[in-house]
Each structure stands twice: as structure tokens, then as C-alpha cells.
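Quick note on labels: first sequence line is chain A, next is B, and so on, each numbered from 1.
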Number of protein chains: 2
Amino acid sequence: MRVSTRGEYGVRAMFDLALHSGAGPIALKTIAERQMISEHYLEQLMAALRKAGLVKSRRGAQGGYQLAHEPENVSIGQIIRVLEGPITPLDCLDTHTGTGPYCQTPDRCVLRNLWKELQDSMKQVLDNTTLEDLKQDAYRLEVTEGQ
Amino acid sequence: MRVSTRGEYGVRAMFDLALHSGAGPIALKTIAERQMISEHYLEQLMAALRKAGLVKSRRGAQGGYQLAHEPENVSIGQIIRVLEGPITPLDCLDTHTGTGPYCQTPDRCVLRNLWKELQDSMKQVLDNTTLEDLKQDAYRLEVTEGQ
DNA sequence: TCAATTCCTACGGATTTAGTCGGAAATGAA
DNA sequence: TTCATTTCCGACTAAATCCGTAGGAATTGA
């Protein structure tokens, strides 16, 4: 039931980009240092995010990465799916065809419903939280922090 | 974000015991056959469930396993915790001491809140569903199935 | 031209997953 | 008692996944 470092780091990196958006491309090295993530490892994650269209990149000097869309249009669920695959507690939930052993008997279908409920509750959180929401949270934290 | 076969099989086995509760011990072999799970593998899972006090066993001929508590007093969350460990998307959420890199800066705390929300939503489903709930579901399925 | 930076492929060690194997100990029935 | 049944226990393992590392090619701005 864990998010791997791929998902965790990926969200951190995207959140970092969101916080610093609008100021041109940000070098991988900068993100890696700020977020304390191995540069080479993060590179792989950014490659996946780029191929999925969530970030755009510019090579060469002064190059780097930036969000491909506005923070309010990027959900955490999107990021997780790119880096961890489908959001599901059991693979057969999404690829379900009816022939698997999971739904051959009524009692197994009961369990299927259970896992589906779990899946829905996870999606509910991840798909309804955007990078903009997190930015707002960060702003709120910073304001109240100084008091 | 997946439940491993330990959790999946464990829930299946416990649900099987719940459906057949009150009729004395049920042999591992029977459960394994009904649920299509490797006998030896299931044995390991039952050992963990027994040590955790969720099932009780009787050795020897006519021996087997039965639930240690009434189905309404056993949640899916309990089963999952025994077989998969704490229900948490990130290990640091539960073992958090404040010294980890996750909460040294406000922006990281924002992410912590995100993962906590996800954790809560997972717990909400798993801790509020009992074996008795599943039995009820199974009964309902069986009734409507014949129509 | 050159330093900075992304892009790409391959490799590798550690851990986890999903079991298997073999036998000891306990129990009920004949 | 004897025996088949059944749990209990520890060790082993093949494969997959996780979490990176290494090295260099290609691109870009100054």
C-alpha cells in the first residue's frame, strides 16, 4: 500500500516546479538539490513526465524543465499514474474482463467491491488535488508560520 | 499503491472462514482449494494471522482454523496490517519524529498533509469494513442473483 | 568554441514477492 | 497402539521490483 520513491519524488519535483513556475526553465540540478533527490534518478522520472506531456524541457545552457500546464490543471493523480501506473490496489480491478478467478463466484465479487471502494477513495483524494491546491496550502502555511 | 497477494489472499481466507464460521475448524487444505491459493503459501499467512490473534487453530485430525472473534469484530484493516504492515502510503507518516527531511521546510509539510489525507481515506474504507459487512454483501448478492 | 544542460541506454546491488520443500509435533479415530 | 490427518516451523529460491549509478551523445546560449 505504499507509494514508491518514484511517485514521491515525482510529486516533490512537480510541486517544486509549480512553486517556481513562470520564471523560465529550471535546471534538473536545481530541483534535485532543493528536493534532496539523486540527480540521475530524478532525470529518469523527468523523462517519463516529459513523455507524458506533464513537463516541457529545454536543452543546453540556461535550459531546464517547466510545467507544461497551469498548476490548477495538473492533479497529483496524473503524476502518480505516469510514475507508478494505474491507481488501483489490485491489477485485476482495471483490466477486469470477467474471466479471471476474482469474479467467478459471488463471494469473490463481494471482495471485488471492497477493493473498488478502496480504489475510489484513493482516486478521490489524488484526482481532486492539484498542484495549485498545494501552492495555496503552502502559501497559507507561510502566512500563519510567521505569527 | 498495490495490495500484495499476502493481503489479498489473507482477506480471501478470512472471508472464507467467516462464511463458514460456527461449524468447527476448517482445514487449511479446504480453504486453499476453495480460494485457489497455494496451500504452503497460505500456511505462512495463517501463521501470521494466528500469532496476531485473528484466528485460532487446532492441530491433528479434524483440526483446522477458525475465526478467533465474531465477523463483526474483525475489520479488513486488521487483516491487512497483520499481513502487509501499517496502512500508509509513506513510511515516514507513521514513524514521523520531525527530524526527517520531509518536514524540515513548510513546502514539504504541505506534501505530508497530502499523503496523510490519502492515508486517512484508505483507513476509512479498510477500518470500517468488517467481515460481517462482507457476509451481508454476499447474502444480498445471492438473493438478487437468482432473480 | 565551450560550458551547461538535457537525453539515452545500459548496468547493478539490495530488497521484496511469491512461493517451494521437508520434516517435526499434535490429534482424533480405528 | 497405530496411523492418517493436520498444524507448525525453518530454510531455501527464482523472479521481479526498487532505487539508484555510469558514461556518453546531442543540443543550446554566451
Side-chain angles (χ1 to χ4, degrees), chain A residues 1-13 17 24-68 80 82-86 89-92 101, chain B residues 1-13 17 24-68 80 82-86 89-92 101:
Chain A
M1 310 287 281
R2 309 295 152 86
V3 172
S4 76
T5 55
R6 285 178 65 87
E8 190 202 339
Y9 294 175
V11 170
R12 293 238 295 266
L17 286 181
I26 299 171
L28 182 79
K29 192 178 180 179
T30 307
I31 308 173
E33 275 168 8
R34 270 201 295 246
Q35 298 296 326
M36 294 184 285
I37 301 170
S38 150
E39 209 177 317
H40 269 299
Y41 189 41
L42 182 57
E43 197 181 303
Q44 290 179 26
L45 310 185
M46 295 309 285
L49 292 168
R50 179 177 50 80
K51 281 167 191 162
L54 292 187
V55 300
K56 45 189 182 182
S57 62
R58 204 165 72 204
R59 297 172 113 183
Q62 265 63 37
Y65 294 90
Q66 37 191 333
L67 294 182
I80 294 290
V82 168
L83 297 170
E84 309 240 345
L90 247 54
D91 276 327
C92 66
Chain B
M1 311 288 280
R2 309 293 153 86
V3 172
S4 76
T5 56
R6 284 178 65 86
E8 190 201 338
Y9 293 175
V11 170
R12 292 237 296 265
L17 286 181
I26 299 171
L28 183 78
K29 191 176 180 180
T30 308
I31 307 173
E33 274 169 8
R34 271 201 295 244
Q35 297 298 326
M36 292 183 285
I37 301 171
S38 148
E39 208 177 319
H40 270 298
Y41 188 41
L42 183 57
E43 198 180 302
Q44 290 179 27
L45 309 185
M46 295 309 285
L49 292 168
R50 179 177 49 80
K51 281 168 191 162
L54 292 187
V55 300
K56 45 189 181 180
S57 61
R58 204 164 73 203
R59 297 171 112 184
Q62 266 62 36
Y65 295 90
Q66 38 191 333
L67 294 183
I80 294 291
V82 168
L83 297 170
E84 309 240 345
L90 248 53
D91 277 326
C92 66

Side chain of [X] - closest among [options]:
| X | options | result |
| --- | --- | --- |
| Lys51(A) | dC8(C), dT6(D), dG19(C) | dC8(C) |
| His40(A) | dC21(C), dA11(D), dA22(D) | dA22(D) |
| Ser57(A) | dC7(C), dG28(C), dC9(D) | dC7(C) |
| Glu43(A) | dT21(D), dC8(D), dC7(C) | dC7(C) |
| Arg59(A) | dG19(C), dG20(D), dC7(C) | dC7(C) |
| Gln62(B) | dG28(C), dT21(D), dG23(D) | dG28(C) |
| Ala61(A) | dC8(D), dG28(C), dA3(C) | dA3(C) |
| Tyr65(A) | dC8(C), dG29(D), dC7(C) | dC7(C) |

Whole-Å gap separating [atom2] ([N]) and [atom1] ([X]):
| X | N | atom1 | atom2 | value |
| --- | --- | --- | --- | --- |
| Met1(B) | dC18(D) | CE | C1' | 16 Å |
| Glu8(B) | dG19(C) | CD | P | 10 Å |
| Ile26(A) | dA4(C) | CD1 | C1' | 16 Å |

Given [N], is OP1 or OP2 found less than 4.0 Å from the side-chain N or O atoms of [X]?
| X | N | result |
| --- | --- | --- |
| Arg50(A) | dT6(C) | no |
| Tyr9(B) | dG19(C) | yes |
| Ser4(B) | dA18(C) | yes |

> Short question: side chain of Glu84(B), backbone of Val3(B) - any donor-acceptor pair under 3.5 Å?
Replying inline: no

